Amino acid sequence: MATIKDVAIMANVSPSTVSRVIKGNTRISKETTQKVHDCMRALNYVPNQMARSLVTKRSKTIGIIQKSGGDSIKQNPFLLDVLTGIHRYSDNHAYLTIVTTSTTEQELMIEVQRLIQSQYIEGFIILYSRKNDVIEQLLIDKQCPYVIVGKPLTSEKTLYVDNDNIAAAEDLTQYLVNKGHEKILLLTEQSDYEVFKDRIKGYRQVMFHEHLTPHVHKIDLDRTAIKLSLIELFKMHEFTAIITTDTMLNMMIISVLYELNIRIPEDIKTATFNDSFLNAYASPPQTAVDVLPEQLGQTAVRLLTNKLENVNRYQCQNIIPTRIVQRYSTN
DNA sequence: CATGGGCGTCTTGTTGGCGA
DNA sequence: TCGCCAACAAGACGCCCATG
């Protein structure tokens, strides 16, 4: 890897001159500036961020904390789309990102502690929200700047970006009710994340408002468990539609329904949240609520970098709109 | 001989001050 | 006006010397 010294030697100037050219200092002549730029290109020179941070006291590095868990969480397209938004904004503003990869809660805690101790991470983005989260408390205790992608719970000052998940769930439930469905089942995963609580709340509100009986069932992300649960649920009720609170769960549900010879949309309608390519290419294509994950990611970085740089460059919209993408599964 | 403390050097990039 | 020197940042590492 070429250093500023290598560029200086090649350009026949001192390292400080190269540094000033990089910083766009006007006191360097046009000829020298051009020469230095040519040499940087020829050597594929990229400034060493570690060395730069020694002087500037800034690493321009953001830590992304995702939920602990296995592949079904890490490979969730919603998460990948949020990360795409984060990386897109970070790249454009010369920020680097580090994403946690821990599988268990305990590992995640240790991983985040290490990131804080390294003193190299300027701020964090937490890609979930839930009550009494130890990771968020750790960031508060260590006075690390952070942004939540989800509902703020700890203080009014918490920086966050979120969808109105209650309203989104109301919209989706109402959409099915308007299509004549009265027996709608809501399936959600076993967890205490705020996003799912809000989606259940929105569903319940519409069901109560329409004088219909809500059916909320929490389910493990395990094929056998899902199959047994569905068999039991279908014995007791004749559901005509199922809403799932996340696409990954929905994928498992439609696969199990296929195995049980229950046809979509002929026998039952299905709809879910967090639209992605998976819903478009599912068999049959799934109706889903698009929560604009890339916009969530971009806004999260924007909020964080604005805080880190003590600027109020842009007016940030904290609530990202949602829309229902209608597909064959609810025809 | 093993251990530990203290000091110097090195890493890379930035910047104030100064000479040409 | 231009470009260089030297100091500086935080931490790793090596070397030397004193102590037990």
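None of the values given here were measured: they were computed from a predicted structure. Chain identifiers are assigned alphabetically (A, B, ...) following the order of the sequence lines, protein sequences preceding nucleic acid strands; residue numbering begins at 1 within each chain. All heavy atoms count here, side chains included; hydrogens, waters and symmetry mates do not.
- For residues 229-238 of chain A, the set of pairs meeting the salt bridge (charged side-chain N to carboxylate O under 4.0 Å, His left out) definition, not counting sequence neighbours, comprises Glu232(A)-Lys235(A).
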If you restrict it to nitrogen or oxygen atoms, what contacts under 3.5 Å exist between nucleotides 6-14 of chain C and the protein, and what is each distance?
residue, atom, partner, partner atom, Å
dA9(C), O3', Lys57(A), NZ, 3.2

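- For the helix from dC1(B)-dG20(C) to dA20(B)-dT1(C), the axis fitted to the five pairs at one end and the axis fitted to the five pairs at the other end meet at an angle of 40° (nearest 10 degrees).
- Residues forming a side chain to side chain donor-acceptor pair (under 3.5 Å) with Lys151(A) (at least two apart in sequence, or on another chain): Asp198(A).
- Listed by first and then second residue, the ring pair (Phe, Tyr, Trp, His ring centres under 6.0 Å) pairs that reach into residues 152-198 of chain A are Tyr128(A)-Tyr193(A), sequence neighbours excluded.
- The stretch residues 243-283 of chain A participates, sequence neighbours left out, in no ring pair (Phe, Tyr, Trp, His ring centres under 6.0 Å) pair at all.
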Protein N or O to nucleotides 17-20 of chain B N or O, pairs below 3.5 Å:
residue, atom, partner, partner atom, Å
dG17(B), O6, Arg27(A), NH2, 2.4

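- Within the structure, salt bridge (charged side-chain N to carboxylate O under 4.0 Å, His left out) pairs that include any residue of residues 96-125 of chain A comprise Arg58(A)-Glu122(A), Glu105(A)-Arg130(A) (at least two apart or interchain).
- The salt bridge (charged side-chain N to carboxylate O under 4.0 Å, His left out) analysis of residues 276-293 of chain A, with sequence neighbours excluded, yields the pairs Asp290(A)-Arg323(A).
- Note on residues 207-217 of chain A: pairs passing side chain to side chain donor-acceptor pair (under 3.5 Å), not counting sequence neighbours, are Gln174(A)-Glu210(A).
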Do any side-chain atoms of residues 8-19 of chain A form donor-acceptor pairs under 3.5 angstrom with protein atoms, and if so which ones, sequence neighbours left out?
residue, atom, partner, partner atom, Å
Ser14(A), OG, Ser16(A), N, 3.4
Ser14(A), OG, Ser16(A), OG, 2.7
Ser14(A), OG, Thr17(A), N, 3.4
Ser14(A), OG, Thr17(A), OG1, 3.3

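- Each salt bridge (charged side-chain N to carboxylate O under 4.0 Å, His left out) pair with one or both residues in residues 29-46 of chain A, not counting sequence neighbours, appears once here: Asp38(A)-Arg41(A).
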